[in-house]
Structure formats: C-alpha cells, structure tokens
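This report concerns only the one structure given below.
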Amino acid sequence: MSSEDDHQVTPEGGCLADPLLKFFAQEWMSHVVFALARHGSIRFGALRRQLPPGVSARVLSARLKALEAAGYVERRDLSGRVLHVEYSLTATGRAIDAALARSETLLTGSAPEAR
C-alpha cells in the first residue's frame, strides 16, 4: 500500500485536512493558539500583549470569535461590576497546539518547545 492510499479524500476529491489547514492559515491564527497554550486562561488585553505588535484588537477579536465558534477556544465571562472575560484553549484547542508543535518538529528537524 502506498502512502497515497493512507490519505482520505472528501467526496469532492480534496484532502480532508484542507478546511483545517485553510482555517489555521489565516493571519495570526496559530499565534493566538500558541499564546493561549502558554498562558492558560488569559484576558484579552494580556493576550494581545503576548502577540506580535502587528495584531490589532479588531483582528484578535475576530480570530478569537472564529476559534470559539470552531470549538478551539472557550470564552468565560467572569464579569461582576467590572467587565472581565478570559479566554483559554479547549481540549480540542490543546490538541491543535500539539499538532502545530509536531509540524514545527517536521519543519525544523528539532524537538518542539514544551507546550
């Protein structure tokens, strides 16, 4: 059996990984996952400070909403008298982070950073 036989395809003939790869190919998406994996539960402003300076609040908000809708990020509203929202990876989000770490290993040929 060839490695070509090991890959599943969609009914349209595409790779099953295509939607996932396109989703995480969006600018800053993997950066957000990486930062959340390293900081656990974190507020929006603190998360933004962990990202490269080019990430605007608008873009970060859009990425977090997309990640939440896809089930990779959990948004917890802890507001009382003051607005307090925290974001963290779900179990699926942590699995994505681990997969990204493995892909780094393939690309660099070295062991991934502890995630």
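Here the structure is a predicted model, which is why all the values come from computation and not from measurement. Note that these values count all heavy atoms, side chains included, but never hydrogens, waters or copies made by symmetry. Along the sequence shown, residues are numbered consecutively beginning with 1.
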> Could you state the interatomic distance from CZ (Arg63) to CZ (Arg58), rounded to the nearest 0.5 Å?
Replying inline: 8.5 Å

> So if you build clusters from Ile, Leu, Val, Met, Phe, Trp, Tyr with side-chain heavy-atom gaps below 4.5 Å, do Val55 and Phe23 land together?
Replying inline: yes

>> Check for me, please, whether Val33 and Leu21 land in the same ILVMFWY cluster - side-chain distances under 4.5 Å, paths through other members count.
In response: no

> Which atoms form the tightest heavy-atom contact between Tyr87 and Leu36, and what is the distance?
Replying inline: O-CD2, 3.7 Å

>> On a heavy-atom basis, which atom in Ala35 and which in Leu51 lie closest, and how many Å separate them?
In response: CB-CD2, 4.0 Å

> Are side-chain heavy atoms of Leu47 and Leu64 found at a separation under 4.5 Å?
Replying inline: yes

> Is the backbone of His84 close enough, under 3.5 Å, to the side chain of Arg43 for a donor and an acceptor to pair up by distance?
Replying inline: no

> Which distance, rounded to the nearest 0.5 Å, do you find between the CG of Asp97 and the OG1 of Thr92?
Replying inline: 12.5 Å

> Are Arg38 and Phe34 in a cation-pi setup, meaning NZ or CZ lies under 6.0 angstrom from the ring centre and within 45 degrees of the ring axis?
Replying inline: yes

>> Do Phe44 and Val85 land in one hydrophobic cluster if side-chain heavy atoms of ILVMFWY residues count as linked below 4.5 Å?
In response: yes

> What pair of heavy atoms forms the shortest contact from Gln50 to Ile42, and how long is it?
Replying inline: CG-CD1, 4.2 Å

> What's the spacing between Lys22 NZ and Leu20 CG if we round to 0.5 Å?
Replying inline: 12.0 Å

> Any sub-3.5 Å donor-acceptor pair from Arg75's side-chain atoms to Lys65's backbone N or O?
Replying inline: no

>> Please give me the minimum heavy-atom distance between Leu67 and Met29, naming the atom from each residue.
In response: CG-SD, 3.4 Å

>> Would Leu89 and Val73 count as a side chain to side chain contact (heavy atoms under 4.5 Å, CB included) here? Give the steps.
In response: CA-CA 4 Å; Leu89 291 178; Val73 167; 4.1 Å; yes

> Where do His31 and Pro52 come nearest, in terms of heavy atoms and distance?
Replying inline: CD2-CG, 3.7 Å

> Looking only at heavy atoms, what is the nearest atom pair of Ser41 and Ser88, with distance?
Replying inline: CA-CB, 3.9 Å

